[in-house]
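One structure is given below, encoded as structure tokens.
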Amino acid sequence: MKKIKILTDSSVLLTQQEIEKYAITIVPLSVEINGENYIDGENITREKLVEFLRESIIPKTSQPSLGRFVEAYDELGKDGSQVVAILLSDVLSGTFATAKQAAQMTETDVTVINSKSIDRGAAFQVIAAAQDVASGKGIEHIKLHCKEIYARTTVHVLIDSLDCLVAGGRVSKMLGAMTKLANIKVVAELKDKSLDVVSKGRNTKSWLKYCKKLNQQFVDNKLQALALPNVAADEKVMNQIKELFISENPKADFLQALTSPIIMTHTGLKAVGLITLSEKPVGKYTD
């Protein structure tokens with residue numbers, strides 16, 4: 001059996017220990033700030049992107065580099081290895097399409113998987129795939145396992161301001177102005193084929209109210225992992241969310257960290273990602 005190597009993009013939230021342990025290759029994405037292109041992890045850090053946002057400088061997402069993917073595939077496959085590329089949802093980015101196009105331009109045997117997720121949600125699939133490789137599992141098993149992980153994952157983002165979403169063209173300027181005047185906070189859920197606003201309220205209490213509602217689905221479906229990727233969000237709010245979910249699931253894995261510059265570009269300051277992995281499915285995967 002040929003060796004299998006795992007590749008993902010830099011929107012995925014992995015610890016440095018996980019990256020090294022599973023030898024995961026990460027293709028960096030990029031953002032544009034004041035007309036200059038910045039490569040995630042190379043000439044822009046998560047902390048620096050927060051500084052730009054605090055200065056009211058709103059970045060733009062930049063198309064992922066086709067060449068970066070081709071180069072990565074070529075390098076990983078030069079010893080005859082196969083590559084499994086697990087990318088962020090096509091709802092949010094053209095990265096998946098670019099990765100598929102690049103797979104047709106390399107001699108390496110590449111399988112491209114649309115995680116239908118992002119950040120730590122996609123990381124759950126990446127880690128599962130890497131563990132499958134270590135256990136000697138094949139690509140078909142990995143593909144099915146990623147679908148199964150997706151079915152047990154929820155991805156929400158608690159958005160403090162719609163400014164970045166307005167700038168990115170994902171919501172109208174009128175809606176952005178209205179919610180800003182009314183101090184409206186929103187919760188968006190990443191679904192199979194869309195990113196939908198599922199809750200709106202006048203303050204962060206509305207976030208917590210929605211979180212309590214969401215937490216009810218884990219009464220009979222044990223929570224295995226919780227992640228709170230964020231954009232320099234309020235520590236008090238994040239502690240309240242953590243306590244709400246972890247108090248009933250004290251053995252669940254927990255990770256809190258700054259999210260990637262790519263995601264910050266869309267969500268803006270003080271946003272909090274709320275990503276869960278449970279024992280049983282919370283939704284049905286559809287291709």
Side-chain angles (χ1 to χ4, degrees), residues 4-15 18-19 22-29 40-41 61 63-65 68-69 72-73 76 82-103 110-133 137-157 188-196 224-229 253 255 257 259-267 273-278 281-287:
I4 300 173
K5 297 177 182 178
I6 304 298
L7 175 147
T8 188
D9 63 79
S10 62
S11 72
V12 176
L13 179 58
L14 292 162
T15 67
E18 289 167 341
I19 294 169
Y22 297 114
I24 296 167
T25 297
I26 297 180
V27 174
L29 303 183
D40 188 4
T61 54
Q63 282 293 324
S65 169
R68 281 275 190 166
F69 279 106
Y73 294 159
L76 292 175
Q82 295 175 298
V83 173
V84 173
I86 303 172
L87 291 313
L88 78 159
S89 172
D90 60 344
V91 170
L92 303 172
S93 169
T95 302
F96 171 68
T98 299
K100 287 195 71 173
Q101 183 181 354
V110 182
T111 298
V112 184
I113 295 174
N114 183 352
S115 73
K116 292 291 182 181
S117 194
I118 196 169
D119 201 276
R120 193 63 179 173
F124 294 149
Q125 295 180 41
V126 171
I127 293 169
Q131 291 172 340
D132 286 341
V133 170
K137 300 294 193 301
I139 288 177
E140 289 306 311
H141 177 90
I142 291 171
K143 289 165 65 176
L144 290 173
H145 198 180
C146 285
K147 287 186 177 184
E148 187 266 337
I149 292 289
Y150 170 80
R152 296 192 284 120
T153 303
T154 67
V155 177
H156 292 80
V157 58
E189 180 181 6
L190 178 59
K191 299 181 180 179
D192 182 51
K193 299 183 184 300
S194 61
L195 179 66
D196 299 337
Q224 293 186 327
L226 172 71
L228 298 179
D253 292 334
L255 179 62
T259 190
S260 73
I262 306 303
I263 301 174
M264 289 186 191
T265 297
H266 292 297
T267 61
L274 174 57
I275 302 176
T276 68
L277 178 67
S278 55
V282 290
K284 185 177 180 182
Y285 184 93
T286 55
D287 287 314

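Just so it is clear, the values below take in all heavy atoms, side chains as well, and ignore hydrogens, waters and symmetry mates. All residue numbers in this chain count up from 1 along the given sequence. What you are looking at is a predicted structure, and each value in this text was computed from that prediction instead of being measured.
Residue Asp9 forms a side chain to side chain contact (heavy atoms under 4.5 Å, CB included) with just one option from Ile262, Leu87, Ile118, and that option is Leu87.
Taken to the nearest 0.5 Å, the CZ atom of Arg152 stands 10.5 Å off from the OG1 atom of Thr276. Between His266 atom NE2 and Leu195 atom CG the span is 9.5 Å, to the nearest 0.5 Å. With rounding to the nearest 0.5 angstrom, the CG atom of Leu144 is 10.0 Å from the CG atom of Asp132. Here the CD1 atom belonging to Ile275 is positioned 8.5 Å from the CG atom belonging to Leu228, to the nearest 0.5 angstrom. Interatomic distance, Lys143 NZ to Ile86 CD1, rounded to the nearest 0.5 Å: 12.0 Å. If you take CG on Leu29 and CG on Asp40, they are separated by 6.5 Å, rounding to the nearest 0.5 Å.
With sequence neighbours excluded, the residues satisfying side chain to side chain contact (heavy atoms under 4.5 Å, CB included) with Ala102 are Leu66, Phe69, Val70, Tyr73. For Ser260, there are no side chain to side chain donor-acceptor pair (under 3.5 Å) partners at least two apart in sequence or on another chain. Applying the salt bridge (Lys or Arg N to Asp or Glu O under 4.0 Å) criterion to Asp253, with sequence neighbours excluded, gives no partner residue. Among residues two or more places apart in sequence or in another chain, the side chain to side chain donor-acceptor pair (under 3.5 Å) test is passed with Ser89 by none. Not counting sequence neighbours, Lys100 has no partner by the salt bridge (Lys or Arg N to Asp or Glu O under 4.0 Å) test. Residues forming a side chain to side chain contact (heavy atoms under 4.5 Å, CB included) with Ser65 (at least two apart in sequence, or on another chain): Arg68.
With contacts defined as side-chain heavy-atom distances shorter than 4.5 Å, the pair Val84/Leu7 does not qualify. Two residues are said to be in side-chain contact when any heavy atoms from C-beta on lie closer than 4.5 Å; Leu274 and Leu226 meet this criterion. Residues Leu190 and Leu92 are in side-chain contact: their nearest non-hydrogen atoms beyond the backbone lie under 4.5 Å apart. Counting heavy atoms from C-beta on, the side chains of Ile4 and Val83 never come closer than 4.5 Å. Looking at heavy atoms from C-beta onward, Gln82 lies out of side-chain contact with Thr111 at the 4.5 angstrom threshold. Looking at heavy atoms from C-beta onward, Tyr22 lies in side-chain contact with Ile127 at the 4.5 angstrom threshold.
Of all non-hydrogen atoms in Thr153 and Val155, the two that sit nearest each other are CG2-CG2, 4.1 Å. Residues Phe96 and Leu88 come closest through the heavy atom pair CB-O, 4.2 Å. When all heavy atoms are compared, the tightest approach of Gln125 to Tyr150 is NE2-CB, 3.7 Å. For the residue pair Arg120 and Leu13, the shortest heavy atom distance occurs at NH1-O, 3.0 Å.
With hydrogens and angles ignored, the 3.5 Å screen pairs no side-chain donor or acceptor of Thr8 with any backbone N or O of Ile26. One N or O on the side chain of Ser115 and one on the backbone of Ser117 form a donor-acceptor pair closer than 3.5 Å. Side chain of Asn114 to main chain of Lys116: a donor-acceptor pair is present (N/O by atom type, distance under 3.5 Å, no hydrogens or angles).
There is a side-chain donor-acceptor pair under 3.5 Å between Asp119 and Thr259.
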